[in-house]
Chemist: 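Can you read through this structure? Questions will come right after.
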Amino acid sequence: MALHLSSACFSAFSGSKVRAVRAVASEQGSVSVKTTDEGKVKLGGSELKVTKLGLGAWSWGDTSYWNNFNWDDRKLKAAKSAFDASIDGGITFFDTAEVYGSRMSFGAISSETLLGRFIKERKERDPDFEVAVATKYAALPWRIGRESVISALKDSLSRLELSCVDLYQLHWPGIWGNEGYIDGLADAVEQGLVKAVGVSNYSEKRLREAYDQLKKRGIPLASNQVNYSLIYRLPEENGVKSACDELGITLIAYSPLAQGALTGKYTPNNTPTGPRGSIYTPEFMTKLQPLINRIKEIGEGYGKTPTQVVLNWLVAQENVVPIPGARNAEQAQEFAGAVGWKLSNEEVEELRSMASQVKPVVGFPVEKL
C-alpha cells in the first residue's frame, strides 16, 4: 500500500546530504553541537535517523517513582537545564510517554507538556536547532481499536505542541486488542502524524507478530524499547535482541544505567532513595561492587566515568540506542561523553562475564507475556 504523507512529516522520508559536525554559538553564548547524519543511526527499516544516544524523560514531572514524590520549581529548572545541556552536547533524541508525569500515574505535570515547552523555548532563541521526539501510547484495558491510538496520539501532539512526532510507540502490549493497536500505528503513519512507529516491552513472539502485521501495510517496525543494561540482559536471553537484529528492528534500551546503580554513585552504605531503594538494596549493591570497581578501572584508562563506560558497553552491542534519563545538566553533559570512542572487544566480554555473576533485578512484568 502506498503511503500518503503530509508535509509535516515528509522530511523523514526524504534524502539529505551528509555534512560535518559543527559547533554553533547561541545568543546566550553557549556552544551547541550540530549533530548531522554522520553522528546518527537509522531506526530499523525506517528512514528516521536519531543520535546514537537519546535522553529519557520518564522522571520529568513524575512524583510516583522519581523526585522523592515531590515536584517543584527547582526540579523544573533542573529538567530544563538537562534538556538544553543534551542539545548542546549533540544528543537530540528525546523519549517521553503520555503516562509520564500524568494524573493517571499520579504525577505532577505531564512529561510531554514539559518537553513541548522546552522545545518551544529553545526554538525561540535557536530557530535552527533539530530535535527528534518519541512518545508512547498507553495500552489501557478500556482502550479498544485503532481509533484509540489516533485519538491518544492527537492528545500527545497537543501537549507537545507539535504537528507530528518522529517515533510513536505502543508502551506495552495490551491485555487484548493488540491487532487494532498495530493498525492504529500504521494509520498514524499514513495520516502523516508520525515519521516512524515502534513498540515497547514486547516479547519475541509479539515482536514478530507486530513486524508481520505492519509489513502487510508496507510500513517498517522501527524499534522495540525494552529494559536492557549490563546487569539486566533479558533481551539477550529471551530472543528479543536476536529477533531485532534479524528483522532489522532497533533495540532502544531504557534504564541502561540500571536506574543509577551502575553509575558508581551508590554503595552498600549509600543506596538510591525512594522506591529504587527497595530494589537496589545494600545486599545487592555489595554484590555489585566488584563489577563497579572494574568499570571504574576501565574508565580511568580512557578518561571516562563509569556512566560513560556502561553506556558505551551497550552501544558496542550494535543495533542498540540507549536512552538514559537525566534530571539535571550535569547528567546530560556526562552522557554526551559516552559516544565517540569504543571499548575493546576484550573489555566488552570481560564486563559481560563479571556482570553474569550478579543476579539481575526484576524487570517490567509484561516482558514475559
Chemist: Does some side-chain heavy atom of D183 sit less than 4.5 Å from a side-chain heavy atom of L185?
Modeler: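 Counting from C-beta outward, L185 and D183 never come under 4.5 Å.
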Chemist: Rounded at 0.5 Å granularity, tell me how far CG in D88 sits from CZ in F83.
Modeler: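 Those atoms lie 9.5 Å apart.
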Chemist: Would you sort out whether S156 and E112 count as a side chain to side chain donor-acceptor pair (under 3.5 Å), showing the intermediate values?
Modeler: CA-CA 7 Å; S156 287; E112 289 181 326; 2.8 Å; yes
Chemist: Can you confirm whether L311 sits close enough to V315 that some side-chain heavy atom of one is under 4.5 Å from a side-chain heavy atom of the other?
Modeler: no
Chemist: Between E283 and K287, does any NZ, NE, NH1 or NH2 come within less than 4.0 Å of an OD or OE carboxylate oxygen?
Modeler: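 No, this pair does not count.
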Chemist: Regarding E161 and K120, does a basic nitrogen lie under 4.0 Å from an acidic carboxylate oxygen?
Modeler: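 Here E161 pairs with K120 in a salt bridge, since their nearest N and O are under 4.0 Å apart.
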Chemist: Does one side chain, of T263 or T307, offer a donor that lies under 3.5 Å from an acceptor on the other?
Modeler: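 No, no side-chain donor-acceptor pair sits under 3.5 Å.
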Chemist: Does R206 pair with E209 as a salt bridge, N-O distance under 4.0 Å?
Modeler: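 No, no charged N to carboxylate O under 4.0 Å.
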Chemist: Can you sort out the partners of T271 under side-chain contact (heavy atoms from CB on, under 4.5 Å), two or more places apart, ordered by chain and number?
Modeler: P282, M285
Chemist: Does the side chain to side chain donor-acceptor pair (under 3.5 Å) test come out yes or no for E334 and T305, once each step is laid out?
Modeler: CA-CA 8 Å; E334 186 177 16; T305 66; 2.6 Å; yes
Chemist: With a 4.5 Å heavy-atom cut-off, do W60 and T96 have their side chains touching?
Modeler: no
Chemist: Flag the pair K136 and E98 as a salt bridge only when some basic side-chain nitrogen lies within less than 4.0 angstrom of an acidic carboxylate oxygen.
Modeler: no
Chemist: Please confirm whether the backbone N or O of W172 pairs with a side-chain atom of S200, one donor and one acceptor, at under 3.5 Å?
Modeler: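 Looks like no, no N/O pair under 3.5 Å.
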Chemist: Got a sec: does the CD of E237 have more than 12 other heavy atoms crowding it under 6.0 Å?
Modeler: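 Atom CD in E237 is packed in, count exceeds 12.
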Chemist: Any non-hydrogen side-chain atom of S223 less than 4.5 Å from a side-chain atom of V199?
Modeler: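 SC-SC contact between S223 and V199 ruled out.
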Chemist: Checking N312 side chain against A338 main chain: does a donor-acceptor pair fall under 3.5 Å?
Modeler: yes
Chemist: Would Y181 and Y137 count as a close aromatic pair, with their ring centres under 6.0 Å?
Modeler: yes
Chemist: If we only count heavy atoms from C-beta on, is the V310 to L351 side-chain gap below 4.5 Å?
Modeler: no
Chemist: Give me the one residue out of D95, N224, N201 that meets side chain to side chain donor-acceptor pair (under 3.5 Å) with Q169.
Modeler: D95
Chemist: Checking Q317 against R352: is there a side-chain donor and acceptor pair closer than 3.5 Å?
Modeler: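 R352 vs Q317: donor-acceptor pair found between side chains.
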Chemist: Is D212 salt-bridged to R208, going by a charged N under 4.0 Å from an acidic O?
Modeler: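 No salt bridge links D212 with R208.
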Chemist: Can N319 and C244 be said to form a side chain to side chain contact (heavy atoms under 4.5 Å, CB included), step by step?
Modeler: CA-CA 8 Å; N319 194 36; C244 284; 4.1 Å; yes
Chemist: Kindly assign one of parallel, tilted or perpendicular to the pair Y302 and W341, based on the angle between their ring planes and the thresholds 30° and 60°.
Modeler: tilted
Chemist: Taking all heavy atoms of P220 and all of G218, pick out the closest pair and write down the distance.
Modeler: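 P220 and G218 have their closest heavy atoms at CD-O, 4.1 Å.
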Chemist: So, K123 and E130, do they make that salt bridge, N to O below 4.0 Å?
Modeler: no
Chemist: For F94 together with F118, are the ring centres under 6.0 Å from each other?
Modeler: no
Chemist: Ion pair present between R146 and E179, side-chain N to carboxylate O less than 4.0 angstrom?
Modeler: no
Chemist: Can you confirm whether L251 sits close enough to P235 that some side-chain heavy atom of one is under 4.5 Å from a side-chain heavy atom of the other?
Modeler: yes
Chemist: Got V321 and L314 here, is their nearest side-chain heavy-atom distance under 4.5 Å?
Modeler: no
